[in-house]
Enquirer: 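Once you've had a glance at the structure underneath, I'll fire off some questions.
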Amino acid sequence: MIATTPQDSSHTACQPTGDGHCTLADRGFHLIGIGGAGMSVVAQLLAARGARVSGSDAHGGPAFDHLSDLGITTHLGHDAAHVPERSTVVVSTAIKETNPELAEARRRGQEVIHRSQALALAAQGLDFVAVAGAHGKTTTSGMLAEALTDAGADPSFAIGGVVRALGTGAHLGSGSALVAEADESDRSFLNYSPRVEIVTNVEPDHLDSYGTAEAFEAAFVDFAHRLVPGGLLVACAADAGALRLAQSAAAEGLRVVTYSFGGPDTLPGGVLVGEGHVHLDIQDRGASSTQALLTLTTATDRESAGGTGEEPSRSPVELVLAVPGDHVALDAAGAWAAGIELGVEPARMARALGVFGGTGRRFEDRGEADGVRVIDDYAHHPTEIEALLRTARGVAQERGGRVLVLFQPHLFSRTRAFADRFGQALALADAVVVTDVYPARETQADFPGVTGDTVAQRVPGGRARFVAERLDAARAVADSARPGDLLLTVGAGDVTELAATALADLAVREGGAASLPAERGERA
């Protein structure tokens, strides 16, 4: 992990301005990897605060070009000569110590901070909403950003995936809100001081970093303590870990609102945790939509009921989502609570959430060939896969077909830790092909014997097989598909590229070309 200066260092302070924002007019920042989605919005926010901003990127791209158009100094490629001598150097965990620019900054003794620290600095004076959890972060933050945009708030946002309708995962807005994913994997979420925190779940992950589930949960307690005075924690009571977090935070006097599929009476002892609870009541499920009712009950509401035991008559608000899945609707409930906290009228916020069309690699339609619809999804944790396959089952049933999965495990450590649970989750599919592990930052030598077959062997009923070579695996799952089926490529690695391989094989079998969704065809 990159060694960084703590966020509360005097070096990371900024001077307040009359509008409550801050100025960085006397500071310089150099961002390594400035063309990335997260880095690019940090660069824009720093520049908007008056800082001198420069940066470099190995590959360039649209975000990189946009920064150049804004007058920010950019360099294609990494070179020690690119680093201004008096600038703070900003890095992500992905930047290696061997990077020539980082190495030069270390040699000179320049301040080096993590991207999250720079974002927290630039966000001072804004209504910062940080979305955390082992899964659900991208959907929830993307949904909130798009809804606030639709409601006219023009938020800034930094999200780990493309919000399809907005065409980007990063934006510098003119409004007071900033929505960002808060990454727990490297503890960088502890650099933030948000006004609102949404915690979708506290389900143990990244145990290679944390060691134990208890240490993982403890980090979320620390995260709750990072709220600014008077800030709000919005926690999912449908998740046991997030509920424990909410109870702990409320006991310590923090403001808390929970949300779940049940009403306040379903909470422990039938008692509100904190000051309010959002009840999500699913009314109808479709292959491409979800209809629900949202009801917010507050402690004041209950007091007004006069202690009769009856629920207050708070009117429910209708939610009609243009995407399927109970888990997505649950994310919407958390986003709804955050939007209300930021001042959006409840019914207006629900309508705005209805425009959300999904984020990249979250149940993303990649096309259809020979009657087989191909969906790509980023799910890489057992709970995510279970939610994904339940949604897929509903879609497949409407088509009269089966659910087929091409799964690529992500990280050897996660594969080893959750092999049994992966097997149970994948059992929700009709047939599964597991390819080899996407190693990311890890190496096979450190995890002898851990392969994709470690997962395939744990899928019951003989419905899974292991095909190590990824292209062969894509062709194998395509060969087994038949008209009406739903074929999913699943995982956080490069399995996303195999959706095109499966489509091409299906198109050859059909004797024509695959039909692509309009937006994907336009981007191609």
Side-chain angles (χ1 to χ4, degrees), residues 361-393 395-397 399 401-412 414-416 418-440 444 447 449-510 514:
R361 296 219 61 213
R362 272 71 178 180
F363 211 80
E364 183 175 3
D365 188 356
R366 296 295 296 272
E368 186 164 329
D370 199 26
V372 178
R373 183 179 173 192
V374 177
I375 299 292
D376 183 48
D377 199 278
Y378 190 74
H380 57 285
H381 185 279
T383 301
E384 291 176 322
I385 293 171
E386 288 168 355
L388 167 66
L389 295 185
R390 289 193 183 99
T391 298
R393 176 65 62 195
V395 175
Q397 285 176 345
R399 294 169 55 87
R402 303 169 300 158
V403 176
L404 310 181
V405 172
L406 169 57
F407 177 57
Q408 180 189 54
H410 184 265
L411 295 176
F412 295 107
R414 183 182 286 121
T415 302
R416 182 176 64 184
F418 298 122
D420 288 336
R421 286 207 53 211
F422 277 127
Q424 294 165 11
L426 291 167
L428 296 174
D430 294 295
V432 181
V433 174
V434 183
T435 193
D436 224 340
V437 178
Y438 185 82
Q444 176 78 75
F447 298 88
V450 178
T451 69
D453 198 35
T454 305
V455 172
Q457 292 290 341
R458 287 167 169 79
V459 181
R463 69 188 71 190
R465 55 178 167 146
F466 172 57
V467 180
E469 207 286 317
R470 51 196 292 278
L471 292 177
D472 290 342
R475 295 180 182 114
V477 72
D479 287 347
S480 65
R482 57 182 184 238
D485 287 349
L486 201 66
L487 189 161
L488 295 93
T489 53
V490 179
D494 58 8
V495 67
T496 183
E497 300 169 2
L498 300 182
T501 303
L503 273 170
D505 274 28
L506 289 166
V508 169
R509 190 173 76 187
E510 185 181 21

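As a basis for the values below, the full set of heavy atoms in this structure was taken, side chains included, without hydrogen atoms, waters or symmetry mates. Every value quoted in this text rests on a predicted model; they were computed, and no experiment measured them.
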Enquirer: Determine the minimum heavy-atom distance between A474 and A502, stating which atoms define it.
Expert: O-CB, 4.2 Å
Enquirer: Give every residue pair that meets the side chain to side chain donor-acceptor pair (under 3.5 Å) criterion with at least one member in residues 418-429, sequence neighbours excluded.
Expert: E203-R421, T383-R421, D420-R458
Enquirer: Which class fits the ring pair F407 and F422: parallel under 30°, tilted 30 to 60°, perpendicular over 60°?
Expert: tilted
Enquirer: Starting at OG1 of T415, measure out to NE2 of H380 and round the result to the nearest 0.5 Å.
Expert: 11.0 Å
Enquirer: Would you please name every residue forming a salt bridge (Lys or Arg N to Asp or Glu O under 4.0 Å) with R399, sequence neighbours left out?
Expert: E368
Enquirer: Locate the shortest heavy-atom distance separating G423 from P460; write the atom from each residue and the value.
Expert: O-CD, 3.7 Å
Enquirer: Looking at every heavy atom in both L498 and L406, which two are closest together, and how far apart are they?
Expert: CD1-CD2, 3.7 Å
Enquirer: Does the Q444 side chain pair with the main chain of F447, one donor and one acceptor, at a distance under 3.5 Å?
Expert: yes
Enquirer: Locate the shortest heavy-atom distance separating A396 from V403; write the atom from each residue and the value.
Expert: CB-CG2, 3.7 Å
Enquirer: Please give me the minimum heavy-atom distance between R366 and T496, naming the atom from each residue.
Expert: NH1-O, 3.1 Å
Enquirer: Regarding D436 and T451, do their side chains bring together a donor and an acceptor under 3.5 Å, going by distance alone?
Expert: no
Enquirer: Can you list the residues that meet the salt bridge (Lys or Arg N to Asp or Glu O under 4.0 Å) rule with D453, with sequence neighbours excluded?
Expert: none
